[in-house]
Every structure is written in C-alpha cells, then in structure tokens.
Student: 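Would you mind keeping the following structure in view while I ask a few things?
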Amino acid sequence: MLVVGGGATGAGVARDAAMRGLRTVLVERGALASGTTAKFHGQLHSGARYAVRDPVSARECVRESAILRRIGPACIEETGGVFVLLPGDDPGYPGRFLPACRAAGVAVEELDPAAIPEREPGLTRHVVRAFAVPDGTLDSVRLVRACAASATASGARILTGRSVTGLRLDAGRVVGATLEDGTSVEAEVVVNAAGAWAAGVAAMAGCRVPARLSKGVMVAVAGRLVHAVVSRCRLPADGDILVPLGGSTIMGTTDAPVKDPDDGVADDAAVRAMLAAGDELVPGYSSAGSIRTWAAVRPLVGDVGGPASASSPSEGRQVSRSHRVIDHGEHDGVAGLITITGGKATTFRLMAEEAVDAVCVALGSPRPCRTAREELPAEGGLDFAR
Ligand SMILES: Cc1cc2nc3c(=O)[nH]c(=O)nc-3n(C[C@H](O)[C@H](O)[C@H](O)COP(=O)(O)OP(=O)(O)OC[C@H]3O[C@@H](n4cnc5c(N)ncnc54)[C@H](O)[C@@H]3O)c2cc1C
C-alpha cells in the first residue's frame, strides 16, 4: 500500500501497516512532519478541553493519551494541566465541566485557588476556581521520527522530498500514484493522509473529501512562564490555552475559515488578540521576550453540535474535533483509495489503526493491530531515503 503524507497520521499509518505485514511505501513531499504536525500547539490532550461539548473526542483523548504514555514516553513531557476560571467567565461552567470530565474518564481534581500562586507564580492572582487535569506536551517531530523508524524496521520504505502529483486509475479503481519526478508507485490501496491537503490528493482520482479548512494562529514568547498547560475553564474559544514547550510559552489559538491549506499567514489582528489573551492569564506575557508567530490549518470533518460560546461564536468551534475514515469506493465509487483526516496529534495512533483496518477490509485480509502494545523506539533517525 501507498501512504501519501508524512505527518503524524501518515507516519502512524505506515507504522501500523508495516507492523501488520503489509508492504508499505510512504511518500512525503517535504521533510517528515513538515506540515501541520510541526506547527501545532504542542498539547497532549487529557480530554478535558472537549469533555463538555465533544465527549467522543474527549474519550478518544483519554484512551490515546494513556496509550501514548505507555508506548512513547520519550515524546511526552508530563507538565500536567490546570483549568482556571477567571472573573467574567461563566461561573456555571465548572458545574458542567466536572461531571463531563468524570463521565469521559478524565482524572480531574479541584484545586484551592489560594494555592495557585505557589503552584503557578506567573499566573494572574484573580483565579476564581481551578482544576488539575493530566494534560501534557507532545514532541510531535520526535513522535513522527519514532513512528517512521518503527515503520522502516518493519520493512516500510519512506520517501521524502517527493510529491504525489497524480493517482493512477484502472477500471474505476486507484492502482498507484505518479510522483513529481515521473516515478510510478503501484499499490493495491492508497491511503490519503495528506492532512489539510487531503482534498487535493483525493481530487486526483475525482474524489471528494468533505472537510472545511480552519486556520489557527499561535504566538510564542521566550521563557517558560507557566509550569503546566494552562487552559481557561470555559467552552473552547479563541486564545484560551498556554502551552509551555521547549524554552517558550505558546498562546493559541484561533479558528478562522480558510480556502487554501497553504494559508500560513499569522495576521496582525489575530496575533494581537493572542497576546492580549496571554496577558489575561499571565500578566506581562506580551512583553516577556522575543515573539514568534505562525499559523497552521486544520481540516474539520466532524458534525456541528453544541452551543457557541460568547467569546468564540464561530461555527468552527462547534465542529467535533474527531476524525473520519473515508472509503472512496463507498463515497465516490472509486475503490482502492482511503482518506484519513481530521483529528488531533494526540489521537494519531487511533486514526492510523482505523485507516489500516479499512485497508485490511479492502484487501479482504483481516490482520490485528499491534501499535497500542509495542513501544516506539526512543530515537528515530533523520535519514530517510529521498
Ligand atoms: C492551529 C492548530 C493547533 C493544533 N494543536 C494541537 C494540539 O495542541 N494537540 C493536538 O493533539 N493536536 C493539535 N492540532 C491537530 C494536529 O496538529 C493535527 O491533527 C496533526 O498534526 C495532523 O497530522 P496529519 O499527519 O494529519 O497532517 P500533516 O502534519 O499536515 O501531514 C500531512 C502531510 O502531507 C503532505 N502532503 C500533502 N500533499 C502531498 C502530496 N501531494 N504528496 C506528498 N505529500 C503530501 C504534507 O507535506 C504534510 O507533511 C492542532 C492543529 C492546528 C491546525
């Protein structure tokens, strides 16, 4: 089988498929993890963020973050997470948040606000209520390298720096792909794991991916101004999470509809809004040090559900952050092509498992998934064939 895209999802698919004994080739147009995976916010989700509005995603995060802690501890920093209610936030929200976290299986504990200054000296002194959850941070590039190393150890080939420019069809089914240098790759099944670019890849076979694209802007300042991942205790909205990652503190993010998956512009208004949101949580955030700004695009494939919040009335915030496997044989009448899209870096392994399950169904060859049980290599190399 051929996997298009070498982000977290594609690398996870290649690892899973190769471990199930499928002859696998992954083609990535840039370097591994050079798409959204390298530009995300950095959070390993406990599920708490989604518990109230998107319980399916919350339960997926609970399960997958536990698996990732087991198979890939070297990719995770156990920062912990704190949700804080500030003056002006809906005081009724914790009454929904606590039971929703417990129902989803998120380990949540209410903290004494008086203890917050000692725990998080950089945070505003105006915390009204606070809750500890097992959020963490994820080194996504290391994760992708580890998956790629595991995939190649199981026999997969990984080709970087080469675009898939066409999908080859024969009698209504996809039978392989053409790369930009004219090389042909034959495959019984192609898995489209091209993230925000998935619609363009599917279109090469005349197929559709019903996803909307949404851009998120992030801002990083130098220094770790919080110890834990700090989130606002409210319905998911713009600018409500601070992530301490490496030597920086990242505030994000936004949710703006875009048409172009390459729209990586962090516009001034969004950057200003993120800096102001950072100041609300950590006074002085915006003047803390050198500032880096960037944007990444997410494909949204979930259903719209749940209420909008006052601080973020956009419809995009109401779309489930879950993922979707599309068998284009059923969807568009073109067999041999499966798209896996949406989701989160936190749930990449589950996404890969479901995609490879669909491949096995298409091949009429059921093979059990082993990726939740076998540890990832602690170090993945950088040298993948070009
Ligand atoms: C703003 C933002 C913040 C986020 N924050 C978090 C977070 O904190 N925690 C979390 O768990 N998740 C987060 N996510 C989600 C997470 O980043 C994504 O779910 C995940 O990284 C997507 O991985 P992917 O492999 O599906 O896509 P990508 O990483 O984009 O990989 C797709 C790859 O396909 C390649 N490609 C495209 N076209 C072709 C072609 N024709 N030929 C060959 N290769 C091709 C691209 O180069 C790219 O490398 C965030 C997303 C966004 C947008």
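Numbering of ligands and ligand atoms starts at 1, following listing order. On a predicted model such as this, the values are computed, not experimentally measured, just so you know.
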Student: When you compare the side chain of Leu26 with that of Leu32, does any pair of heavy atoms fall below 4.5 Å?
Tutor: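 Yes. Closest side-chain heavy atoms under 4.5 Å.
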Student: Heavy-atom distances under 4.0 Å decide this one: backbone, side chain, both or neither, for Thr253 against ligand 1?
Tutor: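 Answer for Thr253: side chain.
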Student: Below 4.0 Å, non-hydrogen atoms only: which portion of His45 touches ligand 1? Side chain, backbone, both or neither.
Tutor: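 It is the side chain that gets close, since no backbone atom is under 4.0 Å.
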Student: Tell me the protein heavy atom at minimum distance from atom 26 (O) of ligand 1, and give that distance in Å.
Tutor: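 Checked against all protein heavy atoms, atom 26 (O) of ligand 1 sits closest to Thr9 OG1, 2.7 Å.
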Student: Can you tell me which residue and heavy atom of the protein come closest to atom 21 (O) of ligand 1, and the distance to 0.1 Å?
Tutor: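 Checked against all protein heavy atoms, atom 21 (O) of ligand 1 sits closest to Thr37 OG1, 2.9 Å.
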Student: Backbone, side chain, both or neither: what part of Ala11 comes under 4.0 angstrom of ligand 1, heavy atoms only?
Tutor: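 The answer is neither; Ala11 stays 4.0 Å or more away.
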Student: Could you check whether any side-chain N or O of Asp279 sits under 3.5 Å from a backbone N or O of Ser286, counting only pairs where one atom can act as donor and the other as acceptor?
Tutor: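 Such a contact is found between Asp279 side chain and Ser286 backbone.
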Student: Is Ala345 in polar range of ligand 1, meaning some N or O pair under 3.5 Å apart?
Tutor: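 Yes - when backbone and side-chain N and O of Ala345 are compared with those of ligand 1, one distance drops under 3.5 Å.
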Student: From Met251 CE over to Ile291 CD1, what is the distance, rounded to the nearest 0.5 angstrom?
Tutor: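 Between Met251 CE and Ile291 CD1, I get 12.5 Å after rounding to 0.5 Å.
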Student: With heavy-atom distances below 4.0 Å as the criterion, list the atoms of ligand 1 near Gln43.
Tutor: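 Those of ligand 1 that fall under 4.0 Å from Gln43 are 7 (C), 8 (O), 9 (N), 10 (C), 11 (O).
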Student: Considering both backbone and side-chain atoms of Glu28, is one of its nitrogen or oxygen atoms within less than 3.5 Å of a nitrogen or oxygen in ligand 1?
Tutor: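 So ligand 1 has an N or O lying under 3.5 Å from an N or O of Glu28.
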Student: About how many Å separate CG of Asp181 and OG1 of Thr165, when rounded to the nearest 0.5 Å?
Tutor: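 Reported value, rounded in 0.5 Å steps: 8.5 Å.
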Student: Does a side-chain heavy-atom distance below 4.5 Å link Glu28 with Ile158?
Tutor: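 Contact flag for Glu28/Ile158 side chains = no.
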Student: Please confirm whether Ser163 approaches ligand 1 to less than 4.0 Å, judged on its heavy atoms.
Tutor: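 True for this residue.
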Student: Have a look at Glu64 and tell me which of Arg59, Arg349, Lys344, Arg69 forms a salt bridge (Lys or Arg N to Asp or Glu O under 4.0 Å) with it.
Tutor: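 With Glu64 as partner, Arg59, Arg349, Lys344, Arg69 yield a single salt bridge (Lys or Arg N to Asp or Glu O under 4.0 Å), made by Arg349.
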Student: For Thr346, is at least one N or O under 3.5 Å away from an N or O on ligand 1?
Tutor: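 Among all N and O atoms of Thr346, at least one is under 3.5 Å from an N or O of ligand 1.
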Student: Identify each donor-acceptor pair in which a side-chain atom of residues 196-210 lies under 3.5 Å from a protein atom, sequence neighbours left out, and give them as a table.
Tutor:
residue	atom	partner	partner atom	Å
Trp197	NE1	Asp262	OD1	3.2

Student: Could you tell me whether ligand 1 has any atom less than 4.0 Å away from a heavy atom of Met218?
Tutor: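 Judged by the 4.0 Å heavy-atom criterion, Met218 does count as contacting ligand 1.
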Student: Which residue supplies the protein heavy atom nearest to atom 3 (C) of ligand 1, what is that atom called, and how far is it?
Tutor: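 Result for atom 3 (C) of ligand 1: His41 N, 3.7 Å.
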Student: So which of Asp255, Val164, Leu44, Thr36 gets nearest to atom 42 (N) of ligand 1, if we judge by its closest heavy atom?
Tutor: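 Among Asp255, Val164, Leu44, Thr36, the closest heavy atom to atom 42 (N) of ligand 1 belongs to Val164.
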Student: Got the closest protein heavy atom to atom 2 (C) of ligand 1, with its distance?
Tutor: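 The closest one turns out to be Arg298 NH2, 3.9 Å.
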Student: Going by heavy atoms in the side chains, are Ile340 and His323 under 4.5 Å from each other?
Tutor: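 SC-SC contact between Ile340 and His323 confirmed.
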Student: For ligand 1, which is the ligand I care about here, please tell me if Trp197 has any N or O atom under 3.5 Å from one of the ligand's N or O atoms.
Tutor: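 It does not: no N or O of Trp197 is found under 3.5 Å from an N or O of ligand 1.
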Student: Tell me: protein heavy atom nearest atom 6 (C) of ligand 1, and distance?
Tutor: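 It is Phe40 CD1, 3.5 Å.
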Student: Which of the listed options, Arg162, Lys344, Glu64, holds the heavy atom that is closest to atom 19 (O) of ligand 1?
Tutor: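 Comparing heavy atoms across Arg162, Lys344, Glu64, the nearest one to atom 19 (O) of ligand 1 lies in Lys344.
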Student: Please work out, at 4.0 Å between heavy atoms, whether the side chain, the backbone, both, or neither of Val4 comes within that distance of ligand 1.
Tutor: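 Side chain only; the backbone of Val4 stays clear of ligand 1.
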Student: Among protein heavy atoms, which lies nearest atom 27 (O) of ligand 1, and at what distance?
Tutor: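 Nearest protein contact, heavy atoms only, for atom 27 (O) of ligand 1 is Gly195 CA, 3.7 Å.
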Student: Hey, are the side chains of Arg234 and Asp90 touching, using non-hydrogen atoms and a 4.5 Å cut-off?
Tutor: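 Heavy-atom side-chain distance check fails, nothing below 4.5 Å.
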Student: Could you tell me whether Ala296 and ligand 1 have an N or O pair separated by under 3.5 Å?
Tutor: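 No, no N or O pair falls under 3.5 Å.
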Student: Taking only heavy atoms of Ala193, which atoms of ligand 1 are found under 4.0 Å from at least one of them?
Tutor: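 The atoms of ligand 1 under 4.0 Å from a heavy atom of Ala193 are 32 (C).
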Student: According to ring pair (Phe, Tyr, Trp, His ring centres under 6.0 Å), who are the partners of Phe348, at least two apart in sequence or on a separate chain?
Tutor: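 Phe348 satisfies ring pair (Phe, Tyr, Trp, His ring centres under 6.0 Å) with no other residue.
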Student: Under a 4.0 angstrom heavy-atom cut-off, which atoms of ligand 1 come close to Gly7?
Tutor: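 By the 4.0 Å cutoff, the relevant atoms are 25 (O), 29 (O), 31 (O).
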Student: Quick one: do Leu213 and Val301 end up in the same hydrophobic cluster if we chain Ile, Leu, Val, Met, Phe, Trp and Tyr together by side-chain heavy atoms under 4.5 Å apart?
Tutor: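 In one cluster: no.
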Student: If you have a sec, work out which protein heavy atom is nearest atom 39 (C) of ligand 1 and how many Å separate them, to one decimal?
Tutor: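 Looking only at protein heavy atoms, the one closest to atom 39 (C) of ligand 1 is Arg29 CD, 3.9 Å.
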Student: Can you confirm whether Arg162 sits close enough to Thr183 that some side-chain heavy atom of one is under 4.5 Å from a side-chain heavy atom of the other?
Tutor: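 Arg162 vs Thr183: side chains touch.
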Student: Under a 4.0 Å N-O cut-off, is there an ion pair linking Asp357 with Arg20?
Tutor: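 Salt bridge flag = yes for Arg20 with Asp357.
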Student: List the closest protein heavy-atom neighbour of atom 34 (O) of ligand 1: residue, atom name, distance to the nearest 0.1 Å.
Tutor: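 Scanning the protein heavy atoms, the shortest distance from atom 34 (O) of ligand 1 goes to Gly5 CA, 3.3 Å.
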Student: Using a strict cut-off of 4.0 Å, indicate which atoms of ligand 1 neighbour a heavy atom of Gly343.
Tutor: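 The list of qualifying atoms is 19 (O).
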Student: Please determine whether a side-chain nitrogen of the Lys or Arg among Asp89 and Arg129 lies less than 4.0 Å from a carboxylate oxygen of the Asp or Glu.
Tutor: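 Looking at Asp89 and Arg129, the cut-off is not met.
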Student: Does any non-hydrogen side-chain atom of Leu242 lie less than 4.5 Å from one of Tyr285?
Tutor: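 Tyr285 vs Leu242: side chains touch.
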Student: Which ligand 1 atoms are under 4.0 Å away from a heavy-atom of Val27?
Tutor: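 Taking each heavy atom of Val27 in turn, ligand 1 has 43 (C), 44 (N) under 4.0 Å.
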